[in-house]
Amino acid sequence: MKSLGSIRRSFAPWADPTAVPFIAVKNVTKKFGDFVAVDNLSLNIYPREFFALLGASGCGKSTLLRMLAGFEQPTSGEIVLDGQSLAGIPPYRRPVNMMFQSYALFPHMTVENNIAFGLKQDGMPKPQIAERVDQMLKLVKLDKFAKRKPHQLSGGQRQRVALARSLAKRPKVLLLDEPLGALDKKLREETQFELMDLQQQLGLTFVVVTHDQEEAMTMADRIAVMAHGKVIQVATPPEIYEAPNSRFVADFIGDVNIFDGTVSSAGPGTVEIATQTGFTVRVASSDAPAVGAKIGLAIRPEKIRVSRDEPACAPLNAAQGEIWDIGYLGDMTIFHVRLKDGKVIKASSLNAVRAVEDPLGYDQQVWISFDENAGVVLKD
Amino acid sequence: MSKFGSAIFNRLVIIIPYAWLTIFFLAPFFIVLRISLSETAIAMPPYLPVFNLVDGVSGIVDKLGELSVANYVFLAGDALYTNAYISSLKIAVISTIATLLIAYPIAYGMAKAPNMVRPTLLMLVILPFWTSFLIRVYAWIAILKPEGLLNQLLLTLGVIDEPLIILNTNWAIYIGIVYSYLPFMVLPIYSSLEKMDHSLTEAALDLGCTPIRAFWRVTFPLSMPGVIAGCMLVFIPAVGEFVIPDLLGGSETLMIGKTLWNEFNANRDWPVSAAVATILLLILVVPIMFFQHAQAKADGEGK
Ligand SMILES: Nc1ncnc2c1ncn2[C@@H]1O[C@H](COP(=O)(O)OP(=O)(O)OP(=O)(O)O)[C@@H](O)[C@H]1O
Ligand SMILES: [Mg+2]
């Protein structure tokens, strides 16, 4: 891949073969009775990384996190943290703290005492506890609520107390299970950036579980896409989006059009595919599949152009259709274009100009086209 | 329902508990209080004055003047009654603590049991209620008497050489009360433990508590409402308990319930027994009211 890297350019320990992972999950399987919740899963997470576990409900994200925290024991396999195997180490001896999906604030304690709870367990001297609690309250902007009980707080405030409590002990690793699930969109976006800042400031390793892909894309250095207890792909957000390694990942992250077809010729660096829809596609592909192989081609909507006139590249990477549906979102417009064989594809275009003369309308005959490097070949 | 109608409905709903309390608690209480201020008489009913509507208002006012606190003065002057109160409170406190110590682990075990067996366990706790209370207390006589089941078992096992004397001692009363009131302690504690979010314990472990400390700092404080309810349900009836000390206790056992029974039935002294009952009620109600007040205040703090 050419320019697909991490957002934080300089930070890419996973690309460095000499880097030592901070958390190493090695062939971990977790069964509940006959049910396999986590299936022979391996992962490396590096120090100071913001790592996201992304997947549909029930795919085993929480179970993996709970094994890191020590609430569940792997049925087989091993988890190593900072060079030390975690097997048999109970949760209260792990340098790991967790922010619970349900927050799990102690209802009989004030906000202050909730945050101080872990520090008191460590036997920290009182003045230091008070100082740290103050600092944490400021960090999550709850200084005015120190004396309240959890039931006297709003959902968002509770979530921030939970965050402050889990950060108070300065754990080496913070595990966050759907930390922003209960927040409305605006507060959620704000908090996402606050979390990222915090992680940078404190230099901690974060493992966050979410089933919100935008959230994962925004916050994480790397994302592990999970399904049925397995990791399907681990990569940076741009890689996950632009170079999904499978139909599942392509489909799970964002919108995508997938054309099925057969490889008709494979040259150096490019592949030609005869799609089932009836047009020929030439795409850039580093490893050439065999001629005759059945493959899929994934193209994101924003990489497809819609035009009235026949594009220059036609008949390659272009097809005719009619506009089936138009969704105006303000910043962009989504076109659903119905091709000749009935396949409906999605194309989006930015509304960079305020008033377009003669905009595309329903039922118009149009061309769709895309560049050679717009699509990704999916072999499965 | 219209807004107006629903407002009336809300008022009515509030009236129901008050009406219940007035009819079944306050009214009888005032009747007992009135009798306690009367004088014994060989008559029917066995006290004076007797209020009668035919006396008219002035007659009733005259008779009100005849009421006196003489019975209370008498009770205060006689060590027998004071001792009976103190000994009842002592027995009730000890049995309540013993019941709590036994009931808590049971309730905890039930709350931690798999969902499938919980209804069965709950059923087992309630099961003794299907037999009459009196029969169950009689059964304890058969168990505890010198040649009873317990002594036979211990003798056969060689734990003891001669039968333990338990029946007709305070030990038998403790056993009887703990046994009889155990479900009243188990059920409220179970219900407070059962609805507790398990992730709270996990959070405590996560923050560095050992399981034992997590229990004392999180689980136990959160089960306090159940513990308090259970203690009240055991302590209050235990103070006035009559059947258990009468059947299992010995001659040296002094409990206020038994004293009251003697005054009422053997001596036919209704006014004194009414005074005994009134004081018992005050001993129980006043501290509880203080306690609830303090609780409400503590809850209100931090708002
Ligand atoms: N204690 C348990 N006993 C039996 N099955 C369990 C247990 N815990 C989890 N599972 C099962 O394991 C699977 C994975 O659960 P997990 O909680 O890890 O899902 P998740 O990915 O976190 O989902 P969500 O996004 O809904 O939180 C689920 O099918 C769940 O039913
Ligand atoms: Mg989950």
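Below, chains carry the letters A, B, ... as their sequence lines are ordered, and counting in each starts from 1. Just so it is clear, the model here is predicted, and its values are computed rather than measured.
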Query raised in the report: At what distance, to the nearest 0.5 angstrom, does CD of A:Gln121 lie from CZ of B:Arg217?
Result: 5.0 Å

Query raised in the report: Does atom CD1 of B:Ile212 have more than 12 heavy-atom neighbours, drawn from other residues, nucleotides or ligands, at distances under 6.0 Å?
Result: no

Query raised in the report: For A:Arg93, does the CZ atom sit with more than 12 other heavy atoms under 6.0 Å from it, leaving out its own atoms?
Result: no

Report task. Check each atom of A:Arg94 against the heavy atoms of chain B and say whether the ones under 4.5 Å are side chain, backbone, both or neither. Result -> neither

Query raised in the report: Should the heavy atoms of other residues, nucleotides or ligands under 6.0 Å from CZ of B:Phe129 be counted, would the total exceed 12?
Result: yes

Query raised in the report: Is atom NZ of B:Lys112 surrounded by more than 12 heavy atoms (other residues, nucleotides or ligands) closer than 6.0 Å?
Result: yes

Report task. State whether the number of non-hydrogen atoms from other residues, nucleotides or ligands found under 6.0 Å of A:Lys120 atom NZ is greater than 12. Result -> yes

**Report entry** Residues of residues 103-112 of chain A within contact distance of chain B, non-hydrogen under 4.5 Å
**Finding:** A:Ala104, A:Leu105, A:Phe106, A:Pro107, A:His108, A:Met109

**Report entry** Residue-level interface, residues 202-211 of chain B with chain A, non-hydrogen cut-off under 4.5 Å
**Finding:** B:Glu202, B:Ala203, B:Ala204, B:Leu205, B:Asp206, B:Leu207, B:Gly208, B:Cys209, B:Thr210, B:Pro211

Query raised in the report: Are there more than 12 heavy atoms of other residues, nucleotides or ligands under 6.0 Å from atom CE of B:Met123?
Result: yes

